[in-house]
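Below is one structure, written out as C-alpha coordinates; comments come after it.
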Amino acid sequence: MALVVQKYGGTSVGTTDRIKNVAKRIIKTYDAGNDLIVVVSAMSGETNKLVALANEICDIPDGREYDVLVATGEQVTIGLLAMCLKSMGYKAKSYQGWQVPIITDSSCTKARIESIDDKNIRADLKEGTIVILAGFQGIDSANNVTTLGRGGSDTSAVAIAAALKADVCEIYTDVDGVYTTDPNVCKEARKMEKISYDEMLELASLGAKVLQIRSVEFAKKYNVDVHVRSSLNENTGTMVTREDKDMEGILVSGVAYDKNEAKIAVMGVLDKPGIAARILTALSDANISVDMIVQNVSSAGMTDFTFTVTKSDLKQAQIITNEVAKEIHAKEVVCDENISKISIVGLGMRSHAGVATRMFTALAQNGINIQMISTSEIKISVVIDEKYTELAVRLMHETFGLAG
Ligand code: ADP
Ligand code: ASP
Ligand code: MG
(Lines give C-alpha, C1' and ligand atoms only; values in the text may rest on other atoms or scores of the structure.)
(Ligands and ions follow the chains in the order given, each with its own letter.)
Protein backbone atom coordinates (compact mmCIF):
# COMPACT_ATOMS: atom_id res chain seq x y z
CA MET A 1 0.00 0.00 0.00
CA ALA A 2 1.30 3.41 -0.94
CA LEU A 3 0.34 7.00 -0.26
CA VAL A 4 -0.42 8.54 -3.63
CA VAL A 5 -0.90 12.25 -4.39
CA GLN A 6 -2.64 12.98 -7.70
CA LYS A 7 -3.18 16.47 -9.07
CA TYR A 8 -5.70 17.13 -11.85
CA GLY A 9 -5.36 20.39 -13.77
CA GLY A 10 -8.08 22.61 -15.22
CA THR A 11 -8.65 20.74 -18.48
CA SER A 12 -8.82 17.40 -16.67
CA VAL A 13 -11.75 18.69 -14.58
CA GLY A 14 -13.07 21.08 -17.24
CA THR A 15 -16.55 19.50 -17.56
CA THR A 16 -18.72 17.30 -15.34
CA ASP A 17 -18.00 14.37 -17.69
CA ARG A 18 -14.28 14.93 -17.22
CA ILE A 19 -14.80 15.05 -13.45
CA LYS A 20 -16.57 11.69 -13.68
CA ASN A 21 -13.64 10.36 -15.69
CA VAL A 22 -11.22 11.63 -13.01
CA ALA A 23 -13.33 9.94 -10.33
CA LYS A 24 -12.95 6.62 -12.20
CA ARG A 25 -9.16 7.02 -12.29
CA ILE A 26 -9.10 7.82 -8.59
CA ILE A 27 -11.18 4.77 -7.77
CA LYS A 28 -8.83 2.56 -9.77
CA THR A 29 -5.88 3.72 -7.67
CA TYR A 30 -7.87 3.48 -4.45
CA ASP A 31 -9.19 -0.01 -5.21
CA ALA A 32 -5.62 -1.16 -5.81
CA GLY A 33 -5.12 -0.58 -2.08
CA ASN A 34 -3.57 2.89 -1.96
CA ASP A 35 -4.24 5.89 0.26
CA LEU A 36 -5.10 8.84 -1.88
CA ILE A 37 -4.92 12.63 -1.68
CA VAL A 38 -6.27 14.36 -4.78
CA VAL A 39 -5.50 18.00 -5.51
CA VAL A 40 -7.66 19.76 -8.08
CA SER A 41 -7.57 23.03 -10.01
CA ALA A 42 -10.54 25.11 -11.02
CA MET A 43 -12.40 24.02 -14.17
CA SER A 44 -10.45 25.28 -17.19
CA GLY A 45 -11.06 28.94 -17.97
CA GLU A 46 -12.76 29.63 -14.62
CA THR A 47 -9.80 31.35 -12.95
CA ASN A 48 -9.36 33.53 -16.05
CA LYS A 49 -13.03 34.51 -15.80
CA LEU A 50 -12.62 35.46 -12.15
CA VAL A 51 -9.50 37.52 -12.90
CA ALA A 52 -11.38 39.28 -15.72
CA LEU A 53 -14.22 40.14 -13.33
CA ALA A 54 -11.72 41.68 -10.90
CA ASN A 55 -10.23 43.75 -13.72
CA GLU A 56 -13.69 45.00 -14.69
CA ILE A 57 -14.08 46.39 -11.19
CA CYS A 58 -10.73 48.17 -10.96
CA ASP A 59 -7.29 48.48 -12.57
CA ILE A 60 -5.28 47.21 -9.63
CA PRO A 61 -7.53 44.96 -7.52
CA ASP A 62 -6.82 44.79 -3.81
CA GLY A 63 -4.68 41.70 -3.20
CA ARG A 64 -6.60 40.34 -0.23
CA GLU A 65 -9.94 40.55 -2.01
CA TYR A 66 -8.48 39.23 -5.27
CA ASP A 67 -7.45 36.09 -3.39
CA VAL A 68 -10.91 35.74 -1.82
CA LEU A 69 -12.35 35.89 -5.33
CA VAL A 70 -9.99 33.64 -7.31
CA ALA A 71 -9.85 30.94 -4.64
CA THR A 72 -13.51 30.18 -5.35
CA GLY A 73 -12.73 28.38 -8.61
CA GLU A 74 -11.17 25.45 -6.80
CA GLN A 75 -14.01 25.29 -4.27
CA VAL A 76 -16.38 24.33 -7.09
CA THR A 77 -14.26 21.42 -8.30
CA ILE A 78 -13.54 19.91 -4.87
CA GLY A 79 -17.28 19.92 -4.15
CA LEU A 80 -18.16 18.33 -7.48
CA LEU A 81 -15.45 15.69 -7.33
CA ALA A 82 -16.11 14.70 -3.72
CA MET A 83 -19.88 14.39 -4.35
CA CYS A 84 -19.17 12.35 -7.48
CA LEU A 85 -17.03 9.88 -5.53
CA LYS A 86 -19.61 9.66 -2.76
CA SER A 87 -22.38 9.00 -5.28
CA MET A 88 -20.26 6.10 -6.55
CA GLY A 89 -20.16 4.61 -3.05
CA TYR A 90 -16.74 5.79 -1.89
CA LYS A 91 -15.72 7.72 1.20
CA ALA A 92 -14.43 11.13 0.15
CA LYS A 93 -14.06 14.52 1.81
CA SER A 94 -13.30 17.91 0.30
CA TYR A 95 -10.96 20.43 1.90
CA GLN A 96 -10.35 24.08 1.16
CA GLY A 97 -6.84 25.31 2.00
CA TRP A 98 -7.89 26.83 5.33
CA GLN A 99 -9.59 23.65 6.45
CA VAL A 100 -6.37 21.61 6.31
CA PRO A 101 -4.87 24.16 7.15
CA ILE A 102 -2.21 25.02 4.58
CA ILE A 103 -0.42 27.97 6.15
CA THR A 104 1.18 30.51 3.82
CA ASP A 105 2.90 33.84 4.20
CA SER A 106 0.84 36.97 3.60
CA SER A 107 1.97 37.94 0.10
CA CYS A 108 -1.47 38.01 -1.50
CA THR A 109 -1.77 36.67 -5.06
CA LYS A 110 1.61 34.94 -4.85
CA ALA A 111 1.80 33.50 -1.36
CA ARG A 112 4.34 30.89 -0.33
CA ILE A 113 3.44 27.77 1.62
CA GLU A 114 5.09 27.83 5.06
CA SER A 115 3.66 24.72 6.68
CA ILE A 116 0.97 22.11 6.33
CA ASP A 117 -0.84 20.62 9.29
CA ASP A 118 -1.42 16.98 8.35
CA LYS A 119 -3.48 15.94 11.39
CA ASN A 120 -6.95 16.10 9.79
CA ILE A 121 -5.86 14.59 6.51
CA ARG A 122 -4.04 11.71 8.20
CA ALA A 123 -7.12 10.93 10.28
CA ASP A 124 -9.25 10.78 7.13
CA LEU A 125 -6.77 8.59 5.30
CA LYS A 126 -6.62 6.23 8.25
CA GLU A 127 -10.32 5.58 8.02
CA GLY A 128 -10.18 4.98 4.27
CA THR A 129 -11.42 8.38 3.10
CA ILE A 130 -10.20 9.82 -0.19
CA VAL A 131 -9.03 13.37 0.53
CA ILE A 132 -9.94 15.97 -2.11
CA LEU A 133 -7.96 19.15 -1.67
CA ALA A 134 -8.43 22.54 -3.34
CA GLY A 135 -5.19 23.49 -5.06
CA PHE A 136 -3.82 27.02 -5.38
CA GLN A 137 -4.94 28.25 -1.94
CA GLY A 138 -4.03 28.53 1.70
CA ILE A 139 -4.50 30.79 4.69
CA ASP A 140 -2.08 33.19 6.36
CA SER A 141 -1.44 33.61 10.07
CA ALA A 142 -4.07 36.37 10.24
CA ASN A 143 -6.74 34.07 8.74
CA ASN A 144 -6.75 35.69 5.31
CA VAL A 145 -7.39 33.42 2.34
CA THR A 146 -4.32 33.45 0.10
CA THR A 147 -3.51 32.10 -3.36
CA LEU A 148 -0.21 30.78 -4.64
CA GLY A 149 0.10 32.45 -8.05
CA ARG A 150 -1.22 31.21 -11.38
CA GLY A 151 -0.64 27.49 -11.86
CA GLY A 152 -0.31 27.14 -8.08
CA SER A 153 -2.18 23.85 -7.77
CA ASP A 154 0.98 22.07 -8.90
CA THR A 155 2.70 23.55 -5.87
CA SER A 156 -0.13 22.52 -3.55
CA ALA A 157 0.26 18.95 -4.81
CA VAL A 158 4.04 18.70 -4.48
CA ALA A 159 3.98 20.44 -1.09
CA ILE A 160 1.39 18.03 0.27
CA ALA A 161 3.36 15.10 -1.16
CA ALA A 162 6.49 16.40 0.59
CA ALA A 163 4.71 17.12 3.89
CA LEU A 164 3.11 13.68 4.08
CA LYS A 165 6.11 11.89 2.57
CA ALA A 166 3.94 10.42 -0.18
CA ASP A 167 5.33 7.53 -2.22
CA VAL A 168 4.08 8.92 -5.53
CA CYS A 169 3.22 12.41 -6.79
CA GLU A 170 1.41 12.44 -10.12
CA ILE A 171 0.53 15.63 -11.98
CA TYR A 172 -2.22 14.92 -14.51
CA THR A 173 -2.55 17.47 -17.27
CA ASP A 174 -3.65 17.84 -20.90
CA VAL A 175 -0.34 16.68 -22.43
CA ASP A 176 1.26 13.36 -21.61
CA GLY A 177 4.50 14.64 -20.14
CA VAL A 178 7.18 17.29 -20.32
CA TYR A 179 8.21 17.85 -23.94
CA THR A 180 11.32 19.37 -25.49
CA THR A 181 9.12 22.42 -26.06
CA ASP A 182 5.42 23.26 -25.89
CA PRO A 183 3.81 20.55 -28.07
CA ASN A 184 1.00 22.98 -28.87
CA VAL A 185 3.48 25.31 -30.59
CA CYS A 186 5.92 22.88 -32.20
CA LYS A 187 4.56 19.64 -33.56
CA GLU A 188 8.05 18.13 -33.65
CA ALA A 189 8.30 18.42 -29.84
CA ARG A 190 9.36 15.14 -28.23
CA LYS A 191 8.29 13.77 -24.87
CA MET A 192 11.16 13.35 -22.42
CA GLU A 193 11.38 10.21 -20.32
CA LYS A 194 12.95 12.16 -17.47
CA ILE A 195 14.26 15.61 -16.71
CA SER A 196 16.41 16.92 -13.84
CA TYR A 197 14.99 19.27 -11.22
CA ASP A 198 17.39 22.01 -12.33
CA GLU A 199 16.40 21.86 -15.99
CA MET A 200 12.71 21.74 -15.06
CA LEU A 201 13.22 24.71 -12.73
CA GLU A 202 14.65 26.71 -15.61
CA LEU A 203 11.97 25.62 -18.10
CA ALA A 204 9.22 26.40 -15.59
CA SER A 205 10.63 29.78 -14.67
CA LEU A 206 11.10 30.60 -18.36
CA GLY A 207 7.47 30.03 -19.29
CA ALA A 208 6.85 26.28 -19.74
CA LYS A 209 3.67 26.36 -17.70
CA VAL A 210 3.36 22.57 -17.54
CA LEU A 211 4.62 22.88 -13.93
CA GLN A 212 4.59 25.95 -11.71
CA ILE A 213 8.14 26.84 -10.71
CA ARG A 214 7.52 26.64 -6.98
CA SER A 215 6.29 23.08 -7.33
CA VAL A 216 9.67 22.17 -8.80
CA GLU A 217 11.47 24.04 -6.01
CA PHE A 218 9.56 21.96 -3.46
CA ALA A 219 10.22 18.77 -5.39
CA LYS A 220 13.96 19.48 -5.48
CA LYS A 221 14.18 20.54 -1.84
CA TYR A 222 12.31 17.52 -0.51
CA ASN A 223 13.38 15.05 -3.17
CA VAL A 224 9.90 14.30 -4.47
CA ASP A 225 9.85 12.46 -7.81
CA VAL A 226 7.11 14.11 -9.84
CA HIS A 227 5.42 12.11 -12.59
CA VAL A 228 3.83 14.44 -15.18
CA ARG A 229 1.24 12.58 -17.26
CA SER A 230 -2.07 12.83 -19.07
CA SER A 231 -5.49 12.31 -17.49
CA LEU A 232 -6.83 11.23 -20.88
CA ASN A 233 -4.70 8.13 -21.46
CA GLU A 234 -2.58 5.58 -19.61
CA ASN A 235 0.78 6.54 -21.15
CA THR A 236 3.83 6.78 -18.95
CA GLY A 237 4.70 10.45 -18.68
CA THR A 238 7.88 12.26 -17.68
CA MET A 239 9.72 11.82 -14.39
CA VAL A 240 11.05 15.05 -12.89
CA THR A 241 13.84 13.77 -10.73
CA ARG A 242 17.42 14.04 -9.50
CA GLU A 243 20.15 14.62 -12.07
CA ASP A 244 21.92 11.49 -13.33
CA LYS A 245 24.80 10.69 -15.68
CA ASP A 246 22.70 10.33 -18.89
CA MET A 247 21.35 13.85 -18.48
CA GLU A 248 24.70 15.66 -18.43
CA GLY A 249 25.56 14.78 -22.02
CA ILE A 250 22.59 16.62 -23.49
CA LEU A 251 23.58 20.07 -24.69
CA VAL A 252 20.12 21.62 -24.99
CA SER A 253 17.22 19.64 -23.62
CA GLY A 254 14.37 22.10 -24.00
CA VAL A 255 13.09 25.38 -25.40
CA ALA A 256 10.68 27.65 -23.50
CA TYR A 257 8.86 30.84 -24.36
CA ASP A 258 7.11 33.43 -22.25
CA LYS A 259 4.72 36.04 -23.64
CA ASN A 260 3.81 37.12 -20.18
CA GLU A 261 6.45 39.78 -19.62
CA ALA A 262 6.59 43.46 -20.46
CA LYS A 263 9.59 45.73 -20.81
CA ILE A 264 10.06 49.01 -18.97
CA ALA A 265 12.90 51.31 -20.05
CA VAL A 266 13.96 54.27 -17.96
CA MET A 267 15.66 56.53 -20.48
CA GLY A 268 18.25 59.19 -19.79
CA VAL A 269 19.29 58.51 -16.21
CA LEU A 270 22.52 59.68 -14.62
CA ASP A 271 25.14 56.94 -14.67
CA LYS A 272 26.01 57.01 -10.97
CA PRO A 273 25.90 54.56 -8.06
CA GLY A 274 22.52 53.89 -6.46
CA ILE A 275 20.18 54.57 -9.37
CA ALA A 276 19.43 50.91 -10.20
CA ALA A 277 19.03 50.10 -6.52
CA ARG A 278 16.54 52.94 -6.11
CA ILE A 279 14.31 51.76 -8.95
CA LEU A 280 14.49 48.10 -7.99
CA THR A 281 13.94 48.73 -4.27
CA ALA A 282 10.76 50.67 -4.99
CA LEU A 283 9.50 47.73 -7.06
CA SER A 284 10.47 45.04 -4.57
CA ASP A 285 8.83 47.04 -1.76
CA ALA A 286 5.62 46.60 -3.74
CA ASN A 287 6.33 42.86 -4.06
CA ILE A 288 6.98 43.15 -7.80
CA SER A 289 9.66 40.83 -9.16
CA VAL A 290 11.93 42.05 -11.90
CA ASP A 291 13.26 39.47 -14.33
CA MET A 292 15.76 40.58 -16.98
CA ILE A 293 17.81 43.72 -16.47
CA VAL A 294 20.00 45.59 -18.94
CA GLN A 295 21.90 48.81 -18.46
CA ASN A 296 23.37 50.40 -21.55
CA VAL A 297 26.97 51.59 -21.75
CA SER A 298 26.87 55.20 -20.65
CA SER A 299 27.38 58.09 -22.98
CA ALA A 300 28.16 61.59 -21.66
CA GLY A 301 27.43 60.38 -18.13
CA MET A 302 23.90 59.28 -19.04
CA THR A 303 22.49 55.79 -19.52
CA ASP A 304 19.25 53.81 -20.06
CA PHE A 305 18.06 51.22 -17.57
CA THR A 306 15.72 48.53 -18.90
CA PHE A 307 14.02 45.63 -17.15
CA THR A 308 11.09 43.24 -17.51
CA VAL A 309 8.18 42.48 -15.17
CA THR A 310 5.19 40.20 -15.65
CA LYS A 311 2.31 41.74 -17.59
CA SER A 312 0.03 41.42 -14.57
CA ASP A 313 2.42 43.64 -12.58
CA LEU A 314 2.94 46.15 -15.40
CA LYS A 315 0.35 48.79 -14.44
CA GLN A 316 1.60 49.02 -10.88
CA ALA A 317 5.26 48.81 -11.94
CA GLN A 318 4.69 51.63 -14.42
CA ILE A 319 3.21 53.92 -11.75
CA ILE A 320 6.09 53.19 -9.34
CA THR A 321 8.77 53.58 -12.01
CA ASN A 322 7.28 56.90 -13.15
CA GLU A 323 7.45 58.20 -9.58
CA VAL A 324 11.08 57.17 -9.13
CA ALA A 325 11.94 58.49 -12.60
CA LYS A 326 10.68 61.92 -11.57
CA GLU A 327 12.73 61.86 -8.37
CA ILE A 328 15.95 60.91 -10.19
CA HIS A 329 15.25 63.31 -13.08
CA ALA A 330 15.17 60.62 -15.77
CA LYS A 331 14.17 61.76 -19.25
CA GLU A 332 11.28 59.35 -19.80
CA VAL A 333 9.84 55.91 -19.08
CA VAL A 334 8.87 53.75 -22.06
CA CYS A 335 6.86 50.51 -21.77
CA ASP A 336 6.53 47.74 -24.34
CA GLU A 337 4.10 44.85 -23.91
CA ASN A 338 4.78 43.30 -27.32
CA ILE A 339 7.78 41.27 -26.31
CA SER A 340 8.45 37.64 -25.63
CA LYS A 341 11.28 35.72 -24.08
CA ILE A 342 12.74 32.67 -25.79
CA SER A 343 15.05 30.41 -23.79
CA ILE A 344 17.10 27.31 -24.33
CA VAL A 345 17.94 25.07 -21.36
CA GLY A 346 20.37 22.19 -20.92
CA LEU A 347 22.80 20.76 -18.37
CA GLY A 348 25.37 20.24 -21.15
CA MET A 349 25.79 24.01 -21.55
CA ARG A 350 27.93 23.97 -18.39
CA SER A 351 30.74 22.33 -20.25
CA HIS A 352 30.25 23.36 -23.89
CA ALA A 353 31.14 26.66 -25.52
CA GLY A 354 29.46 28.09 -28.61
CA VAL A 355 25.83 27.46 -27.72
CA ALA A 356 25.00 31.16 -27.59
CA THR A 357 26.66 31.72 -30.95
CA ARG A 358 24.51 29.04 -32.56
CA MET A 359 21.39 30.53 -30.99
CA PHE A 360 22.13 34.12 -32.00
CA THR A 361 23.21 33.15 -35.52
CA ALA A 362 20.00 31.22 -36.17
CA LEU A 363 17.91 34.17 -34.96
CA ALA A 364 19.90 36.66 -37.04
CA GLN A 365 19.62 34.54 -40.19
CA ASN A 366 15.85 34.71 -39.80
CA GLY A 367 15.78 38.46 -39.29
CA ILE A 368 14.86 38.27 -35.59
CA ASN A 369 16.37 41.11 -33.58
CA ILE A 370 17.54 40.42 -30.01
CA GLN A 371 16.51 43.15 -27.54
CA MET A 372 17.85 41.70 -24.28
CA ILE A 373 19.98 38.72 -23.28
CA SER A 374 20.47 36.88 -20.02
CA THR A 375 22.36 33.70 -19.26
CA SER A 376 22.96 31.30 -16.42
CA GLU A 377 25.02 28.14 -16.18
CA ILE A 378 22.35 26.06 -17.91
CA LYS A 379 20.22 28.51 -19.89
CA ILE A 380 20.28 31.37 -22.38
CA SER A 381 17.30 33.70 -22.74
CA VAL A 382 16.63 36.43 -25.27
CA VAL A 383 13.85 39.00 -25.48
CA ILE A 384 12.46 39.48 -28.99
CA ASP A 385 9.42 41.01 -30.67
CA GLU A 386 6.37 38.99 -29.65
CA LYS A 387 5.30 38.37 -33.25
CA TYR A 388 8.31 36.10 -33.83
CA THR A 389 7.65 33.85 -30.79
CA GLU A 390 6.45 30.69 -32.53
CA LEU A 391 8.99 31.04 -35.33
CA ALA A 392 11.83 31.42 -32.84
CA VAL A 393 10.70 28.42 -30.77
CA ARG A 394 10.60 26.17 -33.83
CA LEU A 395 13.91 27.56 -35.02
CA MET A 396 15.64 26.77 -31.70
CA HIS A 397 14.08 23.30 -31.66
CA GLU A 398 15.51 22.62 -35.09
CA THR A 399 18.89 24.31 -34.52
CA PHE A 400 19.61 22.12 -31.51
CA GLY A 401 18.24 18.90 -33.04
CA LEU A 402 15.58 18.34 -30.40
CA ALA A 403 13.14 16.45 -32.59
CA GLY A 404 15.49 13.46 -32.21
P1 ADP B 1 -3.06 22.23 -16.16
O2 ADP B 1 -4.35 22.97 -16.36
O3 ADP B 1 -3.21 20.75 -16.21
O4 ADP B 1 -2.29 22.71 -14.96
P5 ADP B 1 -1.40 23.84 -17.88
O6 ADP B 1 -2.16 24.49 -18.99
O7 ADP B 1 -1.06 24.68 -16.71
O8 ADP B 1 -2.20 22.54 -17.45
O9 ADP B 1 -0.04 23.19 -18.43
C10 ADP B 1 -0.08 22.31 -19.52
C11 ADP B 1 0.31 23.05 -20.79
O12 ADP B 1 1.67 23.43 -20.69
C13 ADP B 1 0.25 22.24 -22.06
O14 ADP B 1 -1.04 22.22 -22.62
C15 ADP B 1 1.28 22.91 -22.96
O16 ADP B 1 0.66 23.78 -23.89
C17 ADP B 1 2.10 23.77 -22.00
N18 ADP B 1 3.55 23.53 -22.13
C19 ADP B 1 4.47 24.52 -22.28
N20 ADP B 1 5.70 24.01 -22.39
C21 ADP B 1 5.57 22.65 -22.28
C22 ADP B 1 6.51 21.58 -22.32
N23 ADP B 1 7.83 21.78 -22.46
N24 ADP B 1 6.03 20.31 -22.20
C25 ADP B 1 4.71 20.10 -22.04
N26 ADP B 1 3.77 21.08 -22.00
C27 ADP B 1 4.19 22.35 -22.12
N1 ASP C 1 -6.76 27.67 -11.06
C2 ASP C 1 -5.47 28.29 -10.87
C3 ASP C 1 -4.99 28.91 -12.19
O4 ASP C 1 -5.68 28.82 -13.20
C5 ASP C 1 -4.44 27.36 -10.31
C6 ASP C 1 -4.08 26.19 -11.19
O7 ASP C 1 -4.82 25.85 -12.13
O8 ASP C 1 -3.04 25.56 -10.92
O9 ASP C 1 -3.95 29.51 -12.23
MG1 MG D 1 -1.09 24.42 -14.65
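Start at 1 and go down the list; that is how both ligands and their atoms are numbered.
- Ring pair Tyr222/Phe218 is parallel by interplanar angle, where below 30° counts as parallel and above 60° as perpendicular.
- Contact analysis puts Gly152 in contact with ligand 2, with a non-hydrogen atom separation below 4.0 angstrom.
- Among protein heavy atoms, atom 4 (O) of ligand 1 sits closest to Lys7 NZ, 3.0 Å.
- Ile57 CD1: 12 or fewer foreign heavy atoms inside a 6.0 Å radius.
- Atoms of ligand 2 lying under 4.0 Å from at least one heavy atom of Glu74, given by number and element, are 1 (N), 2 (C), 5 (C).
- Atom NZ of Lys91 sits in a crowded spot, with more than 12 heavy atoms from other residues, nucleotides or ligands closer than 6.0 Å.
- Taking each heavy atom of Asp59 and Pro61 in turn, the nearest pair found is O-CD, 3.5 Å.
- Using a 4.0 Å cut-off to heavy atoms of Thr181, the atoms of ligand 1 that qualify are 22 (C), 23 (N).
- Looking only at protein heavy atoms, the nearest one to atom 6 (C) of ligand 2 is Ser153 OG, 3.4 Å.
- Side-chain polar atoms of Ser343 and Ser381 form a donor-acceptor pair below 3.5 angstrom.
- Checking Ser215 against Asp154 by side-chain atom types alone, no donor-acceptor pair falls below 3.5 Å.
- Salt bridge Lys93/Glu127: absent, no basic N to carboxylate O contact under 4.0 Å.
- Ranking protein heavy atoms by distance to atom 27 (C) of ligand 1, first place goes to Val210 CB, 3.8 Å.
- Taking atom 7 (O) of ligand 1 as the reference point, the nearest protein heavy-atom neighbour is Lys209 O, 3.4 Å.
- Using a 4.0 Å cut-off to heavy atoms of Gly151, the atoms of ligand 2 that qualify are 3 (C), 5 (C), 6 (C), 8 (O), 9 (O).
- Among protein heavy atoms, the minimum distance from atom 13 (C) of ligand 1 is reached at Asp174 OD1, 3.4 Å.
- Remark: ligand 2 atoms within the under-4.0 Å shell around heavy atoms of Arg150 are 3 (C), 4 (O), 9 (O).
- If you look at Gln212 next to ligand 2, there are no close heavy atoms at all, none under 4.0 Å.
- Checked by distance only, ligand 1 and Asn184 come closer than 3.5 Å through their nitrogen or oxygen atoms.
- Under a 4.0 Å heavy-atom criterion, Pro183 is in contact with ligand 1.
- Here the protein heavy atom with the shortest distance to atom 1 (P) of ligand 1 is Thr173 OG1, 3.5 Å.
- Near Val178, meaning under 4.0 Å from any of its heavy atoms, are these atoms of ligand 1: 24 (N).
- Close approach of ligand 2 to Thr47 (heavy-atom distance below 4.0 Å) involves ligand atoms 1 (N), 2 (C), 3 (C), 4 (O).
- For atom 25 (C) of ligand 1, the nearest protein heavy atom (residue, atom name, distance) is Gly177 O, 3.4 Å.
- Scanning all heavy atoms of the two residues, the minimum distance from Ala163 to Asp118 falls at O-OD2, 4.4 Å.
- Atoms of ligand 2 lying under 4.0 Å from at least one heavy atom of Ser41, given by number and element, are 6 (C), 7 (O), 8 (O).
- Here the closest heavy-atom approach between residue Val178 and residue Thr238 is recorded as N-OG1, 2.8 Å.
- Between the side chains of Ser376 and Glu202, a donor-acceptor pair is found at a separation under 3.5 Å.
- In terms of protein heavy-atom proximity, atom 21 (C) of ligand 1 is nearest to Asp182 CA, 3.7 Å.
- Counting the atoms of ligand 1 from 1 in the order shown, those under 4.0 Å from a heavy atom of Tyr179 are 22 (C), 23 (N), 24 (N), 25 (C).
- Close contacts between ligand 1 and Ala208 involve ligand atoms 19 (C), 20 (N) [criterion: under 4.0 Å to a heavy atom].
- Side-chain atoms of Thr147 and Asp67 form a donor-acceptor pair, as typed in the model, at a separation below 3.5 Å.
- Under a cut-off of 6.0 angstrom, the local environment of NZ in Lys263 is crowded, with over 12 non-hydrogen atoms contributed by other residues, nucleotides or ligands.
- Note on ring orientation: taking the six-membered ring where Trp is involved, the planes of Tyr90 and Tyr30 are perpendicular (angle over 60°, cut-offs 30° and 60°).
- Here the protein heavy atom with the shortest distance to atom 2 (O) of ligand 1 is Gly10 N, 3.1 Å.
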